[in-house]
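Everything numeric in this text was worked out from a predicted model, so none of it was measured. A note on names: the letters A, B, ... follow the listed sequences, proteins ahead of strands, and every chain is numbered from 1.
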Amino acid sequence: MMENTEIAKVLRDVGTLLEIDGANPFRVRAYENAARTVEPHAVPMRTMVESGAKLTDLPGIGKEMASHIQELVTTGALRVLQDLTREVPYTLVEMVRLPGVGPKRANKLWRELGVETIDQLEAAAKAGAVESLAGFGKKTQERIVRGIASLKKRAGRFRLAHADQLVEPLVEYMRTHEGVRRIEVAGSYRRRMETVGDIDLLVIARDPQPVMDHFTAYERVKKIELASGTSARVMLQSGLQVNLRVLPPASYGAALQYFTGSQAHNVKLRRRAVARGLRVSEDGVFRVPEGEDPDAEDVLSGERVAGASEEDVYAALELAWIPPELREDRGEVEAAAGGKLPELVTLDHMRGDLQMHSTWSDGHDGIDAMVKGCVERGYEYLALTDHSKSLAMTGGLDAEALREQWREIDEVQAAHPEIRILKSQEIDILRDGSLDLADEMIEQLDVVLVSIHSLFDLPAAQQTNRILAAIRHPAVHILAHPTGRLINEREPYQFDLEEVLCCCKENGVAVELNAHPSRLDLKDTQLMRARELGVKIVISTDAHRVRDLDLMHYGVEQARRAWLAPADVLNTRPLQELLGSLET
DNA sequence: GCCGTTTTCGGCCCGACTGTTTTCAGTCG
């Protein structure tokens, strides 16, 4: 059974292989477009196929794509892909993702050097065989080596949102078993880390075996790696490893605490326990009998003082319950001991979204739809931030187009007095730090958002100066996705973030926490630093369609990992207060 | 391969940068 993300991946891979093979570029794009439709679609393709829904009604899905999707859903494979991989090695798809390597170069590397895998490419590049190829050179070769190193660093980790898509149906499936009394996902997933390596599933059940059998029988399981007693480990078809532990009610809280981690957090807790004559394990909290070595292996000796719930585990250590997002040993244990845990921001605190796009540039939905989407989510305001003109590929707006857009905004605003539409633009920061819109236009915007979308490889000093110049523009309010990273895809550009944050502070410019799960930019530790410096922070989805507005929770989760309270986040404030604090 | 129609073909976001060239292909967003 395939999820939409997996179907999208297959379609995308077919497109990439066709591209390497030199196929018609528009045909290639058709596969990419189809993937972009399938991936975020609310209804699973398998449900649509089962119910006989017309797939060709979806944008970018014609007769051919519909039949591909049908085939994938029913057989789990795609004939077209199999045929194609007889022509072009499947592994070249991965190569194309390296910065500096596109379809043409991948083709050349393969045909002229016989390179098919990343490992072979690495060997060839390190041996200096790549630079001698026509169209390649020393710099490209070095770039490839760097790209591979970066790729290997993140091997096997899934973006949180990707993991969500795989884990949610699995949890639903597990719940359908009558023996499952309670189920929780622990680990880095529960701490809402930006990427996760594997999944830890905890289940309370009286009788473990039927639950274990149910788990290993999940149709998306590719391989059962281990299954005995009360624990199992499987590999899903997506490559995600999932561990299951079936537990008795009495130790559920202790196990949940233990398997949620982090390692560093748990070490700190156990140290605290020892100082109180206690021992914490995944089975519970125990009082160490007089004269016994607290590090002894026999974990079940001594009186059990806690373990059924996480709250009582923490309470036994004289600690308030600590939200999972904080459990990184960044001072949360000390804070919990001193009653100084922060009141963390929640989704309910958010009163508006300050970055989104419409069909005026590269968004999928019109202004009216986006506004209604924000109304439905209970927001008081939103900022419409279509791109500026130098981003030609997105259909960025020049001054004239922007004025036209304002007329439409005024109309939509008149129809929706219940929400305030803030006129804004995501203005490109040009090479020299100047902005991609005339000052007389900028001055008329309610919110001025600036960001970088070009020249990612400038030397650090130059990049820093470029950003500083933009921040110093007196009209600028928000620096969007400040580091430019794409999780698992692209490293941040090189610049001095500390200097930029200080400059934001001096100039009253807020930094964005871009909530899109492929960005989450700034990241948690950087946000902590921003907050420490007194820099204002906003959380925005960067939505390109109505559904993307729901990505706000990823931003909030990341903010919680950074200890942010509602007061630290400007768009938790009512409209007038927000506008006031953007100006100062 | 999709789409829309001026309805079964012809068009499909496009401009800039980089490193390789010696006038530009390939990559990127």
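Side-chain contact between A/His516 and A/His481 is absent, with no heavy atoms from C-beta onward closer than 4.5 Å. Contact of the A/Ile118 side chain with the A/Thr91 side chain is not registered, since no non-hydrogen atoms from C-beta on lie closer than 4.5 Å.
DNA chain B is contacted by both A/Met65 and A/Asp362; A/Met65 maps to the nucleotide lying nearer its 5′ end (nearest heavy atom per residue). Nearest-nucleotide positions on DNA chain B for A/Arg36 and A/Ala134 put A/Arg36 closer to the 5' end.
Taking the six-membered ring where the residue is Trp, A/Tyr493 and A/Phe456 present parallel rings, their angle staying beneath 30° rather than reaching 60°.
A distance of about 15 Å separates the P atoms of B/dT5 and B/dC12, rounded to the whole Å. Taking atom C1' on both nucleotides, B/dT8 is separated from B/dG19 by 44 Å, rounded to a whole Å. Comparing the C1' positions of B/dG11 and B/dT6 gives a spacing of 13 Å, expressed to the nearest Å. Across B/dT21 and B/dT27, the matching C1' atoms stand 16 Å from one another, rounded to whole Å. If you take atom C1' in B/dC13 and the same atom in B/dT18, they sit 22 Å apart, rounded to whole Å. Rounded to whole Å, the separation between the C1' atoms of B/dG15 and B/dT22 comes to 23 Å. The gap from the P atom of B/dC17 to that of B/dG10 amounts to 36 Å, rounded to the nearest Å. B/dT20 and B/dC9 are spaced 46 Å apart, taking the P atom of each and rounding to whole Å.
Residue-level contact check: A/Leu98 touches the backbone only, with heavy atoms under 4.0 Å from sugar-phosphate atoms and none from bases. Nucleic acid contact for A/Leu58: sugar-phosphate only, since backbone atoms but no base atoms lie under 4.0 Å from a heavy atom of the residue. Within the nucleic acid shown, A/Val101 comes within 4.0 Å of sugar-phosphate atoms alone, with no base atom in reach, counting heavy atoms only. Across all strands shown, A/Arg490 has heavy atoms under 4.0 Å from sugar-phosphate atoms exclusively, and none from any base. When heavy atoms are screened at a 4.0 angstrom cut-off, A/Ile61 is found touching the sugar-phosphate backbone but no base atom. Using a 4.0 Å heavy-atom criterion, one finds that A/Asn33 contacts no nucleic acid atom at all. Residue-level contact check: A/Pro99 touches the backbone only, with heavy atoms under 4.0 Å from sugar-phosphate atoms and none from bases. Within 4.0 Å (heavy atoms only), A/Arg105 reaches sugar-phosphate atoms of the nucleic acid but no base atom.
Of the residues listed (A/Lys153, A/Arg154, A/Arg146, A/Lys152), the one engaging A/Ser150 in a side chain to side chain donor-acceptor pair (under 3.5 Å) is A/Arg154, and it is the only one. Considering A/Asp398, A/Asp436, A/Asp428 as possible partners of A/Lys389, the one that fulfils the salt bridge (Lys or Arg N to Asp or Glu O under 4.0 Å) test is A/Asp436.
The two residues A/Ser358 and A/Gln405 make their nearest non-hydrogen contact at OG-NE2, 4.3 Å.
Checked by atom type and distance alone, the side chain of A/Glu131 never pairs as donor or acceptor with a backbone atom of A/Gln141 at under 3.5 Å.
Note that the first and last nucleotides of DNA chain B, 5' to 3', having any atom under 4.0 angstrom from a heavy atom of chain A are B/dG1 to B/dG29.
Across all strands shown, B/dT8 forms no Watson-Crick or G-U wobble pair with both distances under 3.5 Å.
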#### Entry: Worked check of salt bridge (Lys or Arg N to Asp or Glu O under 4.0 Å) between A/Arg46 and A/Glu3
CA-CA 8 Å; A/Arg46 63 186 143 79; A/Glu3 301 301 323; 3.2 Å; yes
